[in-house]
*Asks:* 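Take a look at the following structure, please.
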Amino acid sequence: METPYSELRRCVAEAVGRVFALVGVEVDYASLENLIQEPPRPEFGDLAIPLPRVSRGLTEKCREVVSAIGELGGECIEKVECVGSYLNIWLRSSYLARILGRALATSRGSYGIPEKSTPKRVVVEFVSANPVHPLHIGSGRNAVLGDFIARAHELLGDIVERRYYVNDLGLQVAYLLYGYIKLSKPRAPPSMKDDHFLGLIYAATSILADIARLRKKLEHLTGDEAGEARRELDTLIGDLLRIRSRVPDVVEALTKSLSQVEDVDQEVRALSLAMESCDPTIVEVHREVVDRVLIGIRQTLERLGVVFDRWDYESELVRSGLVREVVEMSRNSEFITYYKNAPALDLGRLANDAVRSELGIPKSLEIPPLILARSDGTTLYTTRDIAYTIKKFREFNADKVYNVIAVEQTLPQAQLKLALYALGFYKEARSLVHYAYEIVNVKGFAMSGRRGRYITVDEILDTLIARARELARSRGVEISDEIALKIARSAFKYIMLSVSPKKTLVFDPEQAVEVKSGTATYVQYTYARANSILSKYGREPDFNGVGGDGLVGKRRELALLIARFPEILRKVVLELTPEDMVSYLNKLSEIFNSWYDTDPVLTEPDEQLRNLKLLLVYGTKVVIENSFKLLGLDVVERI
RNA sequence: GGGCCCGUAGCUCAGCCAGGACAGAGUGCCGGCCUUCUAAGCCGGUGGUCCCGGGUUCAAAUCCCGGCGGGCCCGCCA
């Protein structure tokens, strides 16, 4: 279906094109339409065309264009003006009102939502944070972006599955498990969630191992090197003290227990091996500690409104034999090689220009061989990821699989694609998308999961909830838990979505909890205002009874913005750029609020004009609703 | 050393891919607006060598080349 904005652009292009032809410049309407742009300021009209782009020398003929447009302007153009090298165009109010009214009347609540085509089957794997600590804001960004991708596909009518890869093998989990066993499966204090509690145990164990290692090393160091090591030691002890201030008993018991161990690292490595071989003496406690963390993570995700369809345990993947199968296939592959005496795939040889371009891998990215297994026979992360990717495609019969993973994993993700290709999974290799995002930095704070230095999603949500309550109370209103959570999580998500995923996001905890312009709350407030007007009006606006010359000033700006919405949404859905939607919502809310303040709707005596105003209110409401559906934000009827 | 990304107002960011008007928001700071549809709002003021240097163009924050600064990757870690 044609969008109102493309309709009006075509109308303008045709009218202007006819006039250009009259002054001797022939140009086809389609290319003229592409040259139409939005002026930077309202004084420059609703639309504008840079004349030199159309044809050299056209600027000089602009006066003739102006005088000719009166008769040939057609139904859409009110007037045009020449300013500098631009032709500025004002649309006829009645025309703009009519096409906007028709578009909204046709689609109502689904205004802007793309037409469904043949549904695709799409898997989005995201978050997949290691089960060793609570979700921090970095994982929060992943959760919000991944859910956005899933929602974008759902909006297109695709069938989407959300999967979480539980990385329950590897040294990180081994450290947690080690500490957990040494402490004889401790319970969390009543006020603390399990994932927060176990995250502290993980960090304390990891730090104690680091300290022991460093102390040993220090015995052989002198001079500058010794000084540096001592400073590092001080930092570690500082981190440990911070953890002790939260769980004193745990840290004391753990310190005492580990001080009697000759080589913690060696024991942890042994434990890791035992985990991977499903050693019956630990298999139960291993699963127990992982699941305790996962329950906490799942609660956090539920607070965010992010729900997964599948939780895939890495240990089960290994046990299923699929990983072994991948290694076997590799051994029979023509790309098998031995690198540093370990079995590997020579992906560099595979990655010629043709294959790279087929898989979307940059030419300049150097691809080292992918080592498949350690000398002890255990497999490596990327090897397992090959198996997991095959599993994701198979189990869901997927047309497309997204891996939402930090940009720092660009190389392993490229290797993953190439490995699939090398093993004959051509379609899978082509249909796998690494949706890369940059990390989150906290202002004045170096995050580290291993050191227990992070800001959790839970604490941000708690602070935001408290802040929302406080604000409501200051206005004499009590808000429900549900509303408070909706305000809080939307505020958090909005921040996560507002910066281009490829850019580092600087998170300022002080700013994050402020509720003002440019936040989700601001947009929610805008929605509540629009909603309030419409519910007081009590019935649907009369979409056909609009017209006249009412679209001036802010009303006109708002109408144009609403008219542009379907194109914006489409672009955001196809290009997966949530930040564009955020910018749009900020602009829309700003214009709406500014208009709202000076131009009453319900008391408007002129019926046609009132209908027009109601159309704008209705349009704003629907646009916010549908944007929120895409971004995973919550609208609130009252705030 | 090689590769990728980023550099725009004190701070956080749009705009760059598809070049176009005196470069836009938010925040901060200063001042004003609640007998009128929700003041979590609105209005006004303040604030910029678009990292630097060349080039292409009628026109460069945007494209090209060369620098500088910051981040990440180049593990038998994940």
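All heavy atoms count here, side chains included; hydrogens, waters and symmetry mates do not. Each chain gets a letter, A, B and so on, in the order the sequences are listed, and its residues count up from 1.
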*Asks:* Measure from the side chain of Pro40(A), starting at C-beta and using heavy atoms only, and say which of rU38(B), rA21(B), rC42(B) lies closest.
*Replies:*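 Closest of the options to the side chain of Pro40(A): rA21(B).
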
*Asks:* Nearest-Å distance, CZ (Arg473(A)) to C1' (rA39(B))?
*Replies:* 20 Å

*Asks:* To the nearest Å, give me how far apart NZ (Lys571(A)) and P (rC17(B)) are.
*Replies:* 11 Å

*Asks:* Please confirm whether the shortest side-chain N or O distance from Ser532(A) to OP1 or OP2 of rC37(B) is below 4.0 Å.
*Replies:*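 No.
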
*Asks:* Strictly by modelled atom types, are Asn441(A) and Thr504(A) linked by a side-chain donor-acceptor pair under 3.5 Å?
*Replies:*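 Side chains of Asn441(A) and Thr504(A): no pair found under 3.5 Å.
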
*Asks:* Applying a 4.0 Å non-hydrogen cut-off, can you work out what Glu637(A) is touching in the nucleic acid: base, sugar-phosphate, or nothing?
*Replies:* base

*Asks:* Measuring only the C1' atom in each nucleotide, how far is rC65(B) from rU12(B)? A whole number of Å is fine.
*Replies:*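 rC65(B) and rU12(B) have their C1' atoms separated by 32 Å.
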
*Asks:* Indicate, with a heavy-atom threshold strictly under 4.0 Å, whether Thr521(A) touches base, sugar-phosphate, or nothing.
*Replies:*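 If one applies the 4.0 Å heavy-atom cut-off, Thr521(A) turns out to touch a base.
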
*Asks:* Answer with base, sugar-phosphate or nothing: what part of the nucleic acid does Asp508(A) contact at a heavy-atom distance below 4.0 Å?
*Replies:*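 Answer is nothing: Asp508(A) stays at 4.0 Å or more from every strand.
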
*Asks:* Does the plane of the ring in Tyr164(A) sit parallel, tilted or perpendicular to the ring in Trp311(A)? Use 30° and 60° as the thresholds.
*Replies:* parallel

*Asks:* For the pair made of CD1 in Ile495(A) and C1' in rC11(B), what is the distance, rounded to whole Å?
*Replies:*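 So the two atoms are 14 Å apart, to the nearest Å.
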
*Asks:* So for Asp580(A) and rA14(B), does any side-chain atom that can act as donor or acceptor lie under 3.5 Å from a complementary atom in the base?
*Replies:*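 Answer no: no donor N or O sits under 3.5 Å from an acceptor.
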
*Asks:* Nearest to the side chain of Pro52(A), heavy atoms from C-beta on, is which of rC58(B), rC37(B), rG41(B)?
*Replies:* rC58(B)

*Asks:* When every nucleotide of nucleotides 72-78 of chain B is labelled 5' to 3' by its protein contacts under 4.0 Å (heavy atoms), B for base, S for sugar-phosphate only, - for none, what sequence of letters results?
*Replies:* SSS-BSB

*Asks:* Heavy atoms, side chains only, cut-off 4.5 Å: are Ile137(A) and Val442(A) in contact?
*Replies:*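 Counting from C-beta outward, Ile137(A) and Val442(A) do come under 4.5 Å.
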
*Asks:* Please report the distance separating the P of rG32(B) from the corresponding atom of rG70(B), rounded so that it comes out in whole Å.
*Replies:* 45 Å

*Asks:* Nearest whole Å is fine: how far is rA21(B) P from Ile89(A) CD1?
*Replies:* 16 Å

*Asks:* Please report the distance, rounded to the nearest Å, between OH in Tyr527(A) and P in rG41(B).
*Replies:*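 For the pair Tyr527(A) OH and rG41(B) P, the rounded distance is 19 Å.
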
*Asks:* Mind checking if Asn531(A) touches a base, just sugar-phosphate, or nothing, with heavy atoms under 4.0 Å?
*Replies:* nothing

*Asks:* Kindly say if Lys502(A) contacts the phosphate of rC6(B), meaning a side-chain N or O under 4.0 Å from OP1 or OP2.
*Replies:*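 It does, given that an N or O in the side chain of Lys502(A) lies less than 4.0 Å from OP1 or OP2 of rC6(B).
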
*Asks:* Do the side-chain N and O atoms of Lys79(A) and Asn88(A) include a donor-acceptor pair separated by under 3.5 angstrom?
*Replies:*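 No, Asn88(A) and Lys79(A) have no side-chain donor paired with an acceptor closer than 3.5 Å.
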
*Asks:* Reading nucleotides 25-36 of chain B from the 5' end, what letters show protein touch, with B for base, S for backbone sugar-phosphate only, - for no heavy atom under 4.0 Å?
*Replies:* SSSS--------

*Asks:* Taking the P atom in each of rG54(B) and rA59(B), what is the distance between them to the nearest angstrom?
*Replies:* 16 Å

*Asks:* Mind telling me if rC13(B) is syn or anti? Syn here is a glycosidic angle within 90° of 0.
*Replies:*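 Anti conformation here, the glycosidic angle of rC13(B) being more than 90° from 0.
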
*Asks:* Quick one: look up who rG66(B) pairs with, Watson-Crick or G-U, both distances under 3.5 Å, and put none if it's unpaired.
*Replies:*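 Paired with rC52(B).
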
*Asks:* Rounded to whole Å, please give me the gap between CD1 in Ile465(A) and C1' in rA40(B).
*Replies:*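 The answer, rounded to whole Å, is 17 Å.
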
*Asks:* Between Arg53(A) and Trp595(A), which is nearer to the 5' end of RNA chain B once each is assigned its nearest nucleotide?
*Replies:* Arg53(A)

*Asks:* How far does the C1' atom of rC50(B) sit from the matching atom of rU62(B), given to the nearest Å?
*Replies:*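 It comes out at 10 Å once rounded to the nearest Å.
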
*Asks:* Would you say the rings of Tyr165(A) and Tyr388(A) are close, in the sense that their centroids are separated by under 6.0 Å?
*Replies:* yes

*Asks:* Tyr522(A) stacking on rA40(B): centroids under 5.5 Å, ring planes under 30°?
*Replies:* no

*Asks:* Mind checking whether Leu614(A) and Val601(A) have side chains closer than 4.5 Å, heavy atoms only?
*Replies:*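 SC-SC contact between Leu614(A) and Val601(A) confirmed.
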
*Asks:* Could you tell me whether the side chain of Phe20(A) reaches within less than 4.5 Å of the side chain of Lys61(A), counting heavy atoms only?
*Replies:*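 Side-chain contact under 4.5 Å: no.
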
*Asks:* State whether Lys554(A) places a side-chain N or O below 4.0 Å from either non-bridging phosphate oxygen (OP1 or OP2) of rC42(B).
*Replies:*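 So the side-chain polar atoms of Lys554(A) never come under 4.0 Å of the phosphate oxygens OP1 or OP2 of rC42(B).
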
*Asks:* Quick one about Asn586(A) and Tyr494(A) (side-chain donor to acceptor, distance below 3.5 Å, no hydrogens or angles considered), yes or no?
*Replies:* yes

*Asks:* What integer number of Å spans the C1' atoms of rU49(B) and rA60(B)?
*Replies:*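 Rounded to whole Å, the distance is 16 Å.
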
*Asks:* Just compare rC42(B), rA21(B), rC6(B) and give me whichever is closest to any side-chain atom of Ala48(A).
*Replies:*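 Output: rA21(B).
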
*Asks:* Glu557(A) CD to rG24(B) P: how many Å, rounded?
*Replies:*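 Value for this atom pair: 14 Å.
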
*Asks:* I'd like to know if the side chain of Arg163(A) reaches the main chain of Glu125(A), judged simply by a donor and an acceptor atom lying under 3.5 Å from each other, with no hydrogens or angles considered.
*Replies:* no

*Asks:* Look at Ser594(A) and rC43(B) and indicate whether a side-chain polar atom (N or O) is within less than 4.0 Å of OP1 or OP2.
*Replies:*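 For Ser594(A), the contact criterion (side-chain N or O under 4.0 Å from OP1 or OP2 of rC43(B)) is met.
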
*Asks:* On a whole-Å scale, what distance lies between the C1' atoms belonging to rC11(B) and rA21(B)?
*Replies:* 29 Å

*Asks:* By the 4.0 Å heavy-atom rule, please label Ala344(A) as base, sugar-phosphate, or nothing.
*Replies:*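 Nothing, no nucleic acid heavy atom in range.
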
*Asks:* Give a yes-or-no answer on whether the side chains of Thr382(A) and Asp385(A) include a donor-acceptor pair shorter than 3.5 Å.
*Replies:* no

*Asks:* If we take the C1' atom in both rA40(B) and rU27(B), what is their distance in whole Å?
*Replies:*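 Taking atom C1' in both rA40(B) and rU27(B), they lie 16 Å apart.
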
*Asks:* Between Tyr596(A) (OH) and rA39(B) (C1'), how many Å, whole number?
*Replies:*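 In whole Å, rA39(B) C1' and Tyr596(A) OH are 10 Å from each other.
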
*Asks:* To the side chain of Val506(A), which of rC6(B), rU12(B), rA40(B) is closest?
*Replies:*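 That would be rU12(B).
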
*Asks:* RNA chain B: Lys536(A) or Leu365(A), which has the more 5' nearest nucleotide?
*Replies:* Leu365(A)

*Asks:* Between rC37(B) and rA61(B), how far apart are the C1' atoms? Round to whole Å, please.
*Replies:*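 The answer is 42 Å between these two C1' atoms.
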
*Asks:* Does any N or O donor sit under 3.5 Å from an N or O acceptor when you compare the side chain of Arg475(A) with the base of rA40(B)?
*Replies:* yes

*Asks:* So, the side chain of Arg141(A) versus the backbone of Val440(A): is there a donor-acceptor pair under 3.5 Å, distance only?
*Replies:* no

*Asks:* Step through it carefully: locate the ring centre of Phe565(A), locate the ring centre of Tyr584(A), and say whether they are under 6.0 Å apart.
*Replies:* yes

*Asks:* Taking the cut-offs as 6.0 angstrom to the six-membered ring centre and 45 degrees off its axis, would you call Arg539(A) and Tyr537(A) a cation-pi pair?
*Replies:* yes

*Asks:* From the set rA39(B), rA21(B), rA40(B), return the single nucleotide nearest to any side-chain atom of Asn88(A).
*Replies:*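 The listed nucleotide nearest to Asn88(A)'s side chain is rA21(B).
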
